Amino acid sequence: MSHRSRRLLTTVLGMLLSWSLPSPSWAQTPTPEAPPRIALRAARLFDGKRDKALPDAVVLIEGSRIQAVGSGLPIPAGTRVLDLGDVTLLPGLIDSHSHLLLEVDAESGDSLGPLFQQSTAERALLGAKLGREMLEAGITTVRDLGNSGLNGDVALRNAIQRGWVKGPRISASTRALAPHGGQFPTLQVPAQPLIEQEYVTVSGVEEARRAVRQAIADGADCIKVIVDNGHNLLSLEEMKVIVEEAHRKTRPVAAHTTLDESIRVAVQAGVDSIEHGYSLPDDVVAPMVRKRIFLVPTDGPLEVCDSFEARGGDVERQRKMKERCRRNLTKAQERLRRAVAAGVRVAAGSDMYLGMPGLTRGQASVKWFIAYAEAGLKPVDILRAATVNAAELLRMQDQLGSVEPNKLADLVAVEGDPLKDIHALKQVRFVMKDGQVVLDTRAPRQQVDAATR
Ligand SMILES: [Zn+2]
């Protein structure tokens with residue numbers, strides 16, 4: 001062990017001891033490197049594990065980690081106390097399906113525009129803006145699933161890690177693997193350069209293996225696969241190799257599937273999550289439960305269908321589009337009810353890439369989580385989908401997803417009680433990520449926080 005790491009170990013041991021010992025003299029003069037201690041007080045806490053809120057909650061934080069959690073816990077000397085008042089504390093929310101480097105105008109619905117008009121660099125800067133909006137809505141971690149140009153998601157992830165910009169922790173996929181044509185199989189313009197910027201197209205098992213290795217070399221934390229693009233479909237053999245190669249490197253596989261046939265192939269290959277899966281054929285439900293494959297429903301609220309009418313133009317055509325939207329969404333809600341009843345676990349994912357008028361990206365994403373209630377999910381199920389379940393899907397359950405000792409101090413406080421009314425998730429009052437306060441809406445006078453002696 002080097003001199004430096006021995007000194008570090010001594011410091012860490014010293015800090016651990018100072019929590020448990022009754023103020024020995026050396027603990028009162030902390031070394032300059034000692035991480036700050038913060039105590040959060042709140043009327044209620046949902047810790048991610050229990051069904052009920054813990055009253056009179058105290059969370060002790062040292063540096064970036066949670067040290068202790070309890071009701072009416074004594075606060076050690078030398079701790080900065082942030083009294084958040086009549087709010088509910090929650091684990092930082094996780095969006096398992098984001099697109100921070102893409103924003104499509106909701107009115108025009110032209111999803112190709114930004115891909116043609118913006119460079120990866122420009123999109124990464126857009127991602128910095130949208131990432132901050134996610135964080136301020138209480139989403140402290142995202143899994144960003146492609147359409148990030150040439151690995152712009154990795155650049156954004158690293159910039160946030162280095163503290164260059166404020167944003168959520170990112171699990172990045174790099175370019176999605178896809179059948180020929182990417183997600184634009186019928187594009188009439190010469191689109192190959194665009195396809196190669198957004199996707200790695202795969203034909204055959206060796207190309208599939210190579211594409212996973214390329215993604216990992218590019219910095220991927222997870223692998224995104226477009227199993228079907230409505231026209232072409234990856235084969236079971238290709239999918240099996242993708243899963244095998246990704247799992248060998250402990251990367252989860254997210255499978256974009258919109259057809260029954262591609263859902264079957266993905267489930268049989270043993271992916272970690274079915275993204276969208278708007279229909280879920282009955283024969284895949286039991287294997288999904290058995291293989292612990294998550295469903296990431298990206299459905300959204302029924303009211304979005306009304307936007308078709310607001311667009312103007314051909315009234316009859318808009319009315320038909322609205323009707324179709326409501327039919328599809330009602331069907332998607334029915335499959336979510338069926339999946340949850342059968343025991344399929346759900347991880348929350350917004351798939352938000354639209355600029356929603358009047359809402360930040362984070363507010364729009366949270367709105368999509370709340371929409372699971374329209375399919376009958378209980379508030380506690382929605383909270384779990386956006387915390388503990390998502391953390392497990394991202395393979396970060398040791399660090400994130402619940403409020404308990406040794407986990408990263410990612411916490412959100414909302415007004416009201418989201419266990420009673422899930423709409424409380426919209427009333428974000430306080431956000432902490434990695435032990436750092438990101439948002440604090442208390443009055444300036446209240447923000448002069450006490451330090452216990
Ligand atoms: Zn998506």
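From a predicted model like this one, the values you see are computed outputs, not experimental measurements. As the structure lists them, so they are numbered: ligands from 1, and atoms in each ligand from 1. Just so you know, these numbers use all the heavy atoms, side chains as well, and skip hydrogens, waters and symmetry mates.
Take the N/O/S atoms of Asp351: the one nearest the Zn ion (ligand 1) is OD1.
Residue Gln447 places its CD atom among more than 12 non-hydrogen atoms of other residues, nucleotides or ligands, all under 6.0 Å distant. Crowding of Arg210 atom CZ: a count of heavy atoms from other residues, nucleotides or ligands under 6.0 Å not exceeding 12.
Distances from the Zn ion (ligand 1) show that His256 has no N/O/S atom below 2.8 Å. At least one N/O/S atom of His99, whether from backbone or side chain, sits less than 2.8 Å from the Zn ion (ligand 1).
Taking all atoms of both residues into account, the shortest heavy-atom contact from Ser171 to Leu394 is CB-CD2, 4.1 Å.
Judged by distance alone, the side chains of Asp144 and Ser98 do bring a donor and an acceptor atom under 3.5 Å apart.
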